[in-house]
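The structure appears right after this line, and notes come after that.
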Number of protein chains: 2
Amino acid sequence: MGVTQTHLFTEEQNEIAQLAKAIAHPARIAILQHLIKTKSCINGDLVLEIGLAQATISQHLRELKEAGLIQGSIEGTRVNYCIHTEKWSALKSLFQDFFESYSDCCDPNC
Amino acid sequence: MGVTQTHLFTEEQNEIAQLAKAIAHPARIAILQHLIKTKSCINGDLVLEIGLAQATISQHLRELKEAGLIQGSIEGTRVNYCIHTEKWSALKSLFQDFFESYSDCCDPNC
DNA sequence: ATCATTTATCGTAATATTGCAATGAAATAA
DNA sequence: TTATTTCATTGCAATATTACGATAAATGAT
């Protein structure tokens, strides 16, 4: 026990949950917001911006990368991360559809 | 260690992360979808619908209730859960704003 | 009152997440 | 070459999550 029973659920349910989990930490929200604001940034900037240790930031970056939400390109000794536009759009649509599946069905005009 | 450093982040970052965490499990997505489809339901229905034990479903329902996303009303020995409309709308707006903060800033037309 | 039904809670085990110091790896600068 | 800088990875400790059996609490039925 202690492990999510993925096989019990649909692919969509698992996908929504997994992407929600990717953004289910304030540090990762902060990272994404910083990436959006500065259009790109590096690990070092984030360590100063957020108060967490370098190893911890790196770990959060990896999770966001594994979820496909960001991508990094190496520039010398630095790494330039930015939002993965296509994945971001896909996430937006997926969540939008999920949230609207409620309001749509209860909207008296439909 | 092992505990999220909430104090390092803004209230908004913590709120988005916390709500994302509330839906960051396929069982809770399945529960919400079932509530939306049937417009209301009870614990027992969900145990049959989803393959998890009654205690586990009850636990997930509590998490959704604590996040404010659903509310339950007692009907005899049963409990009738439904989506909390206002909170759902708030969640939708919060996520919509977050997702659009990227596309807006990168839209060449703005 | 007794029993059945339904949901919540408790206790516990297995696993996952969070955070960081220490160390590695890779490029640049001296 | 020998530092220095920057990021990734490893290993570990603390805490959180997931799941379920057992049990409690509350209502309704007999």
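Values below: every heavy atom of this structure, side chains too, minus hydrogens, waters and symmetry copies. Chain letters run A, B, ... following the sequence lines, proteins first, then strands; residues in each count from 1.
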Are the side chain of B:R28 and the backbone N or O of B:A22 linked by a donor-acceptor pair below 3.5 Å? yes
By nearest nucleotide on DNA chain C, pick out whichever of A:A27 and A:E75 is the more 5' one. A:A27
Correct closest heavy-atom pair for A:L19 and A:A67 would be CD2-O, 4.0 Å
Restricting to non-hydrogen atoms, name the atom on A:A24 and the atom on B:A24 that form the minimum distance, rounded to 0.1 Å. CB-CB, 4.5 Å
For the pair made of CG in A:L52 and P in D:dC7, what is the distance, rounded to whole Å? 15 Å
Residue whose closest nucleotide on DNA chain C lies nearer the 5' end, A:K21 versus A:I74: A:K21
Name the orientation class of the two ring planes belonging to A:W88 and B:F99 (parallel below 30°, tilted from 30 to 60°, perpendicular beyond 60°). perpendicular
If Ile, Leu, Val, Met, Phe, Trp and Tyr residues are connected whenever their side-chain heavy atoms lie under 4.5 Å apart, and connections chain through other members, are A:V47 and A:L61 in the same group? yes
A:H60 side chain N/O closer than 4.0 Å to the phosphate oxygens (OP1, OP2) of C:dT17? no
From the list A:L48, A:L52, A:D45, side-chain contact (heavy atoms from CB on, under 4.5 Å) partner of A:I57 resolves to A:L52
Protein-nucleotides 4-11 of chain C N/O pairs closer than 3.5 Å?
unit_1 : atom_1 : unit_2 : atom_2 : d
C:dT6  : OP1    : B:R78  : NH2    : 2.9
C:dT7  : OP1    : B:N43  : N      : 3.4
C:dT7  : OP2    : B:G44  : N      : 2.8
C:dA8  : OP1    : B:Y81  : OH     : 2.4
C:dA8  : OP2    : B:N43  : ND2    : 3.1
C:dA8  : OP2    : B:S58  : OG     : 2.8
C:dA8  : N7     : B:Q54  : NE2    : 3.0
C:dA8  : N6     : B:Q54  : OE1    : 3.0

Taken to the nearest whole Å, CD/A:Q5 to P/C:dA14 is 15 Å
In this structure, how many angstroms lie between the C1' atom of D:dT17 and the NE2 atom of A:H25, rounded? 14 Å
